[in-house]
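As the structure is a prediction and not an experimental result, all values here were calculated from the model. The chains referred to below are lettered A, B, ... by the order of the sequence lines, with proteins before strands, and numbering in each begins at 1.
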Number of protein chains: 2
Amino acid sequence: MGQRKSGHVTLLDIAHASGFSVSTVSIVLSEAPLSQNVAEKTRGHIRTIARQLGYHPDAYARSLRRRSTMTIGVLAFDLSDPFCIPLMRGIQEGAHKAGYMPLVMDAQTQRRLFDNYLHTLLERRAEGVIVIASWVFEETNLLGDIRKNNVPIAIVGRDLTSRGVNSILVDNEAGGALAARHLYDLGHRHIAVIRGPEEMCDSEPRWTGIQRVVAETGMKLDEKLVFQLPGVVGPASGFEGGQCFARQMLQSRKLFTAVLAFDDLTALGVVRGLTEGGVRVPQDCSVTGFDDVLPAEVATPAITTIRQPLREMGIEAAERVLQAIQSGVNLPAKAKLHKTQPELIVRMSTAPPAKQR
Amino acid sequence: MGQRKSGHVTLLDIAHASGFSVSTVSIVLSEAPLSQNVAEKTRGHIRTIARQLGYHPDAYARSLRRRSTMTIGVLAFDLSDPFCIPLMRGIQEGAHKAGYMPLVMDAQTQRRLFDNYLHTLLERRAEGVIVIASWVFEETNLLGDIRKNNVPIAIVGRDLTSRGVNSILVDNEAGGALAARHLYDLGHRHIAVIRGPEEMCDSEPRWTGIQRVVAETGMKLDEKLVFQLPGVVGPASGFEGGQCFARQMLQSRKLFTAVLAFDDLTALGVVRGLTEGGVRVPQDCSVTGFDDVLPAEVATPAITTIRQPLREMGIEAAERVLQAIQSGVNLPAKAKLHKTQPELIVRMSTAPPAKQR
DNA sequence: TATATTGATTGAAACGTTTGAATCAGTGTT
DNA sequence: AACACTGATTCAAACGTTTCAATCAATATA
C-alpha cells in the first residue's frame with residue numbers, strides 16, 4: 001500500500017494514509033491560517049505521517065497555484081570573475097531574508113548563453129532579475145523582453161539608469177581618487193596609470209577621480225605614462241595587459257615610481273612584468289589595484305587596492321528588486337542609481353618612493 | 001483587449017488572440033509530434049502571435065504536467081572556493097548537452113544552509129543532485145533523504161562509494177607523486193611537506209603518493225620537515241597555515257630546499273612566509289601547490305602546481321547523474337568511483353636547489 | 001450510398017497544490 | 001422549535017500546461 005504513482009510523495013498519498021482529505025492535509029502542512037481550526041490531534045497525526053513518508057511539497061505545483069515562485073534570477077555574465085562570488089553571497093543574503101531564492105545562471109562570457117538564460121529565467125518565472133555585468137556587457141535589447149513581462153530588474157557593475165534599470169555601482173571616481181591620493185601621500189610624483197578598456201564603464205570615472213586628485217595636489221601626470229588596456233576578451237586579460245605594459249615601460253626607460261592599475265588582475269600583471277625586469281615591488285616601484293579580489297590578497301607582495309563593498313552591493317541589489325516586486329508596479333522611469341563607497345586597503349605593494357632615483 | 005489576468009502571457013491569451021483552441025496552440029508552440037498535422041498556415045499564424053505577445057511557456061505548469069523538470073541540482077558546500085567554478089562550468093556543459101539545467105545553491109560553508117538547500121532541491125524536483133565537497137564535508141544523513149525520494153546523486157571531491165554514492169575524484173596519490181617526483185628531478189633532497197588537515201579525504205592519498213616516490217628514489221624524508229595543517233575553518237585558512245608553517249621553519253633553522261604544499265593557497269602562504277623571512281622563491285627554496293586555481297597562476301612567482309581536470313570532472317559528474325536519471329533505476333549498490341588524472345604544471349616557483357647550502 | 005481514411009482541430013482530464021465557499025454536527029440563544 | 005453560531009472538515013475550482021481521445025468535414029474506397 002501507499003505505492004506512489006510518480007517518484008514523489010504527494011498530498012494525496014498522505015490523505016490516503018491518514019484518512020483525511022487532501023484539503024485538510026494541505027492546510028495543516030502548509031500552515032495556512034485555517035490550520036488553527038484543525039483539531040490538535042489531527043494536526044499531529046498528519047504531520048507525523050508526512051514525516052514518515054518523507055513528504056516534500058512540490059514547489060512547482062505550489063507556485064503554479066499560488067502564482068508566485070519566490071525566486072529571483074541572477075544572471076552573471078562571467079561567474080569565473082572572482083568579483084562575482086561575494087556579490088552572489090550578498091544577493092543570497094538579501095533574498096533569503098525575504099524568503100526568496102536566487103536562481104543563478106552563468107553565461108560564461110558567451111552572449112548566446114546570456115540570451116538563452118534570460119529566456120530561461122522568464123520561463124522559470126523569476127519574479128525579478130539581477131544582472132551581474134562583471135567585466136563587459138554590451139547593450140542588449142533583451143532588457144526589453146524582460147520589461148515586456150513586467151519583471152523588475154537591477155544591474156550590478158554598470159549604470160543603466162538611462163535605460164530605466166536600477167543600477168548598483170561602486171563610486172569609481174571616489175575609488176580612483178582614493179588610489180591616487182594614497183600614492184601621492186606616500187610621496188610619489190611620477191605615477192603611471194593604466195586605464196581600463198574603453199568599452200568598460202568603470203574606466204572613465206576612475207580616470208576622472210585620478211585627475212581630480214592630480215588637480216587638487218598640483219601633481220603633474222606625464223601623458224606618456226598613461227596607458228590604456230585594449231578591449232577585454234576575458235577576465236584574465238587584464239593580467240596580460242598589465243604584464244605587457246610593465247615590459248614596455250621598462251624598455252622605454254621612463255621615470256616612474258608607482259603604477260596605478262585599473263584592477264587587481266592588471267596590478268598582478270604589472271607586478272609580474274616588473275619583477276621579470278628586475279624591478280622590485282614595492283621598494284623600486286609601488287603598485288595599486290582595484291576591486292580587492294582573492295588573488296590580490298594572497299599574492300606576495302599583497303596588493304594595495306580599492307575594495308568594492310561587493311557583499312553590500314549584492315544585498316542592495318536584492319533589496320531593490322524585492323522592493324519592486326512587492327510594490328507590484330515597477331516604473332522604469334524611477335530607476336535609481338545606487339553608488340557605494342569604496343575603501344582603500346593598504347597592503348604590501350605600496351611604499352614611499354626610493355630616495356635615489 | 002488581450003488584457004492578461006496575471007503578469008504573464010499564457011496559452012489562453014494566444015488562443016483568444018488567434019481564434020484557435022488552447023490545445024492547438026500548445027501543440028504548435030511545444031512542437032509536439034502532432035504539430036505535423038496542423039495546417040502550415042495555422043502554425044505560422046500562431047507562432048507570430050506568440051512572438052508578438054512575448055510568450056514564454058511556464059516551466060512550472062509544463063513540468064507539473066510532464067512530470068519532469070529537466071533540472072539537476074548542484075549543491076556547493078563553498079562556492080567561494082576557486083575550485084568550484086571550473087567544476088560548475090563542466091557540470092553546466094554536461095547538463096546542457098542533454099537539455100538539462102543546473103540549479104546551483106551555495107551553502108556558504110554553513111551546515112544549516114546545506115541541509116536547507118538539499119530540501120529545496122527536492123522541493124524543486126531536481127531529478128538528480130551533484131554535491132561539490134570542496135574543502136570539507138562531514139558525513140551527513142541527508143543523503144538518505146535524497147535516496148528516499150529516489151533521486152540519483154553524485155559527489156565531487158570525496159569518495160563516498162562506500163555509502164553508495166557515485167564519486168568523482170582526482171587521483172590524489174598520483175598527484176602527490178607527481179609533485180614529489182618533480183622536486184626530486186630538479187635535484188631536491190631536503191623537501192618539507194605540508195600535509196592537509198586530517199579531516200580532508202585528499203590529505204592521506206597525497207601523502208601516500210609522496211611516500212611512494214620517496215621509496216622509489218631512495219630519498220629520505222626528515223620527519224621534522226613534515227607538517228600538518230590544522231583543521232580547516234575556511235577556504236583561505238590554508239594560506240595562513242602555510243604562512244605560519246614557513247615562519248616556524250625559518251625560525252627552527254632546519255635545512256630544506258623545497259616545500260611541497262597541500263594546495264595552492266597553502267603554497268601561496270608559504271611563499272609569503274618565506275619572503276617575509278628573506279628567503280627567495282625559487283632561488284633559495286622551491287614551492288609546489290595543488291589544484292591550479294587562479295591565484296596560483298597570477299601570483300609572482302607563479303606557482304608550480306598539480307592541476308585537477310576540474311572541467312572534465314564536472315562533465316563526468318553530470319553524465320553520471322544523467323545516466324542514472326535516464327536509466328530510471330539507480331542502484332546505490334553499483335556506485336562507482338571515477339578517478340581523473342592530475343597534471344603537473346611547471347611554473348616559476350620551482351627550480352634546482354642552490355648549490356651552496 | 002454507406003463506409004473507411006485522412007487531415008485539422010478541439011474537449012477534457014490530468015499533474016499537485018491552494019483556498020473560498022460549502023457542509024455538517026453540535027451547542028447555545030431566542 | 002426555529003435560529004444562529006462555532007469548530008472541524010471537505011468540495012470543487014483554479015493555476016498553465018500536455019496529450020489522449022474525440023469530433024467533424026472532406027475525400028477516397030467499396
With a cut-off of less than 4.0 Å, is there a side-chain N or O of Ser26(A) near OP1 or OP2 of dT18(C)?
yes
Does Phe20(A) reach a base, just sugar-phosphate, or nothing at all? Heavy atoms under 4.0 Å.
sugar-phosphate
Atom CD1 of Ile27(A) and atom C1' of dA21(C): how far apart are they, to the nearest Å?
12 Å
Whole angstrom value for the distance that separates P of dA21(D) from CG of Asn37(B):
15 Å
In short, Asp106(B) meets Phe77(B) closest at the heavy-atom pair OD1-O, 4.3 Å
What is the distance, to the nearest angstrom, from the CG atom on Leu64(A) to the P atom on dT19(C)?
13 Å
On the 0 to 90° scale, with breaks at 30° and 60°, tag the His45(B)-Phe20(B) ring pair as parallel, tilted or perpendicular.
perpendicular
Using whole Å, report how far CZ of Arg124(A) lies from C1' of dT17(D).
15 Å
Quick one: is dT18(D) close enough that its OP1 or OP2 comes under 4.0 Å of any side-chain N or O from Tyr60(B)?
no
If each of Val22(A) and Ala39(B) is mapped to the nucleotide of DNA chain C with the nearest heavy atom, which maps nearer the 5' terminus, i.e. the 5' end?
Ala39(B)
If you compare every side-chain N and O of Thr42(B) against the phosphate oxygens of dT9(C) (OP1, OP2), does one of them come in below 4.0 Å?
yes
Can you tell me if Ser26(A) uses its side chain to pair, donor with acceptor, with the backbone of Val22(A) under 3.5 Å?
no
Tell me whether the side-chain N or O atoms of Ser23(A) pair up with the base of dA12(D) as donor and acceptor below 3.5 Å, since no angle test is needed here.
yes
Under 4.0 angstrom between Arg62(B) side-chain N/O and dT18(D) OP1 or OP2
yes
Can you see if the side chain of Arg67(A) gets near the phosphate of dT18(C) - specifically, an N or O under 4.0 Å from OP1 or OP2?
no
Assign each of Ser21(A) and Leu34(B) the nucleotide of DNA chain D bearing its closest heavy atom; nearer the 5' end lies the nucleotide of Ser21(A)
Over how many whole Å does the gap from Glu31(A) atom CD to dT18(C) atom P extend?
11 Å
Spell out, as yes or no, whether a donor-acceptor pair under 3.5 Å connects the side chain of Ser63(A) to the backbone of Tyr60(A).
no
Under 4.0 Å, heavy atoms only, any strand: does Ser30(A) hit a base, just the sugar-phosphate, or nothing?
sugar-phosphate
Name the residue closer to the 5' end of DNA chain D, choosing between Pro33(B) and Ala61(B) according to the nucleotide with the nearest heavy atom.
Ala61(B)
Measure the distance from CZ on Arg65(A) to P on dG16(D) and round it to the nearest whole Å.
11 Å
Angle between ring planes, His96(B) versus Tyr117(A), binned at 30° and 60°: parallel, tilted or perpendicular?
perpendicular
Length of the line joining Met70(B):CE and dT18(D):P, which is rounded to integer Å
13 Å
In whole angstroms, how far is the P atom of dT18(D) from the CD1 atom of Ile14(B)?
11 Å
